[in-house]
Number of protein chains: 2
Amino acid sequence: MIEPLDPDMFDPMCPSSAIPFQIGDKWTGMIVRCLADGPRRFTELRVPLRTITPKVLTATLRAMQRDGLVTRTAYDENPPRVEYELTELGRSMLILIDAARTWSEQYLPAILAARRASEELTTFR
Amino acid sequence: MIEPLDPDMFDPMCPSSAIPFQIGDKWTGMIVRCLADGPRRFTELRVPLRTITPKVLTATLRAMQRDGLVTRTAYDENPPRVEYELTELGRSMLILIDAARTWSEQYLPAILAARRASEELTTFR
DNA sequence: CAGAATCCTCCCGGATACTG
DNA sequence: CAGTATCCGGGAGGATTCTG
């Protein structure tokens, strides 16, 4: 039994516009990370992604499925249960994402500082 | 004297929608790579970026400057000369970009294959 | 629970033309 | 050469509502 996803999973990086890189579109990278520990259900994914709408989550998952990053398994139960799981290809992105996270942890403060500094230049003038 | 930029620098990755990750916005990653070997001029950057318009190139460079990724040096000459150069912070992104390129070289074929495969499913039905 | 359907908005990025 | 100044369209993504 894997642990439930932390609702605040993406809070630390939440000034997301401050981060100079993304994996794929807006959500793909975060979804890959959510699936790192094992398969997850649709609603389960919505928790840490917080502001994502079902429409966009569906669309993103479909695209990832199309590209061979995740598999979709629907169990014939009631209420319905659907699980998404990383493929090998999807798992291979994890190292990339980790590299990005490490970089971000290291350098994000510098970026924010540079941004604040250039902001002050335009403010006092 | 550093070598001129190859106009076809980004041709191999040109089905860009097929690539599941980006660095920052559409152009930032490519610009960082263009500056890897040393400072470049505005017009010089336009060569490998090909379809970028001056407005967008300016906007992207300004944003990168604001975030401390590049420096802008204007020489008081006629005709004017301006050079863009990576900061240390900007250079630190190179390893990340290289990791992304390596990943892409390795797995892009698999993604395209998966995409083609799922396309055939919807076509013949 | 896991979506589908519909409508809508914002804004990124392009096209074009002009200039110190 | 290195940009500005306008204008503009498309498409990603959000809000809302409904359903097997």
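Within every chain, numbering begins at 1; the chains are lettered A, B, ... in the order of the sequence lines, protein sequences first and strands thereafter. Both backbone and side-chain heavy atoms feed into the values below; hydrogens, waters and symmetry mates do not.
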Undergrad: Figure out the CG/C1' separation between Asn78(A) and dC1(C), and round it to whole Å.
TA: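 The distance from CG of Asn78(A) to C1' of dC1(C) comes to 9 Å, rounded to the nearest Å.
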Undergrad: Treat each ILVMFWY residue as a node, draw an edge where side-chain heavy atoms are under 4.5 Å apart, and state whether Ile95(A) and Trp103(A) are in one component.
TA: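 No, no single cluster joins them.
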Undergrad: From C-beta outward on Pro80(A), which listed nucleotide comes closest to its side chain: dA2(C), dA2(D), dG14(C)?
TA: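 Among dA2(C), dA2(D), dG14(C), the one nearest the side chain of Pro80(A) is dA2(C).
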Undergrad: Which residues, if any, of residues 56-64 of chain A bring a heavy atom under 4.0 Å of DNA chain C?
TA: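 By residue number: Thr58(A), Arg62(A).
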Undergrad: With a 4.5 Å limit on heavy-atom distance, are the side chains of Leu61(A) and Arg72(A) in contact?
TA: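 Of all side-chain heavy-atom pairs linking Arg72(A) with Leu61(A), none is under 4.5 Å.
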Undergrad: What closest approach, in Å, do Ala36(B) and Arg91(B) show between heavy atoms, and which atom pair accounts for it?
TA: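 Smallest heavy-atom distance, with atoms named: O-NH2, 3.1 Å.
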Undergrad: Could you work out how much the helix from dC1(C)-dG20(D) to dG20(C)-dC1(D) bends, comparing the axis of its first five pairs with that of its last five, to 10°?
TA: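 Comparing the axis at each end, I get an angle of 60°.
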Undergrad: Rounding to a whole Å, what distance do you find between Asp25(A):CG and dG14(D):P?
TA: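 Taking CG of Asp25(A) and P of dG14(D), I get 10 Å after rounding.
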Undergrad: So with a 6.0 Å cut-off around CD of Glu77(A), is the heavy-atom count from everything else above 12?
TA: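 Above 12, so yes.
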Undergrad: Can you tell me how far P of dA2(C) sits from CD of Glu83(A), to the nearest Å?
TA: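 It is 9 Å, rounded to the nearest whole Å.
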Undergrad: Give me the residues of residues 38-47 of chain A where at least one heavy atom lies under 4.0 Å from an atom of DNA chain C, by number, or none.
TA: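 Under 4.0 Å from DNA chain C: Arg41(A), Phe42(A), Thr43(A).
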Undergrad: Please examine the side chains of Phe42(A) and Thr58(A), heavy atoms only from C-beta on, and report whether any two atoms are closer than 4.5 Å.
TA: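 Heavy-atom side-chain distance check passes, below 4.5 Å.
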Undergrad: Might you point out which heavy atoms bring Leu45(A) and Cys34(A) nearest each other, and give the distance in Å?
TA: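 The pair with the smallest heavy-atom distance is CD2-CB, 3.6 Å.
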Undergrad: Which comes earlier along DNA chain C counting from the 5' end, the contact point of Arg72(A) or that of Lys55(A), where each point is its nearest nucleotide?
TA: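 It is Arg72(A) whose nearest nucleotide is closer to the 5' end.
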Undergrad: With heavy atoms under 4.0 Å as the rule, sort Tyr75(B) into base, sugar-phosphate or nothing.
TA: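 No contact.
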Undergrad: Round to the nearest Å and state the distance from Ile52(B) atom CD1 to dA15(C) atom P.
TA: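 For the pair Ile52(B) CD1 and dA15(C) P, the rounded distance is 11 Å.
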Undergrad: With respect to the phosphate group of dG14(D), does any side-chain polar atom (N or O) of Lys26(A) fall under 4.0 Å of OP1 or OP2?
TA: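 Checking Lys26(A) against dG14(D): at least one side-chain N or O falls below 4.0 Å of OP1 or OP2.
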Undergrad: Starting at atom CD1 of Ile31(A), determine the distance to atom C1' of dG13(D), rounded to an integer number of angstrom.
TA: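 In whole Å, dG13(D) C1' lies 13 Å from Ile31(A) CD1.
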Undergrad: Under 4.5 Å between side-chain heavy atoms, hopping through other hydrophobics if needed: is there a path connecting Val32(B) to Val47(B)?
TA: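 No, Val32(B) does not connect to Val47(B) through the hydrophobic network.
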Undergrad: Check the distance between dG13(D)'s C1' and Met30(A)'s CE and give it to me in whole angstrom.
TA: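 The distance from CE of Met30(A) to C1' of dG13(D) comes to 14 Å, rounded to the nearest Å.
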Undergrad: Within a strict 4.5 Å, meaning less than it, do heavy atoms of the Tyr75(B) and Val82(B) side chains meet?
TA: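 SC-SC contact between Tyr75(B) and Val82(B) ruled out.
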Undergrad: Is the shortest side-chain heavy-atom distance between Arg62(A) and Gln65(A) below 4.5 Å?
TA: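 They are in side-chain contact.
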Undergrad: Thinking salt bridges, do Arg81(A) and Glu83(A) make one under a 4.0 Å N-O criterion?
TA: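 So Arg81(A) pairs with Glu83(A) through a salt bridge.
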Undergrad: Could you give the CD-to-P distance, from Gln65(A) to dA2(C), as a whole number of Å?
TA: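 So the CD-P distance, Gln65(A) to dA2(C), works out to 15 Å.
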Undergrad: Of all the heavy-atom pairs spanning Ile2(B) and Asp37(B), show the shortest one and how long it is.
TA: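 The answer is CG2-O, 3.4 Å.
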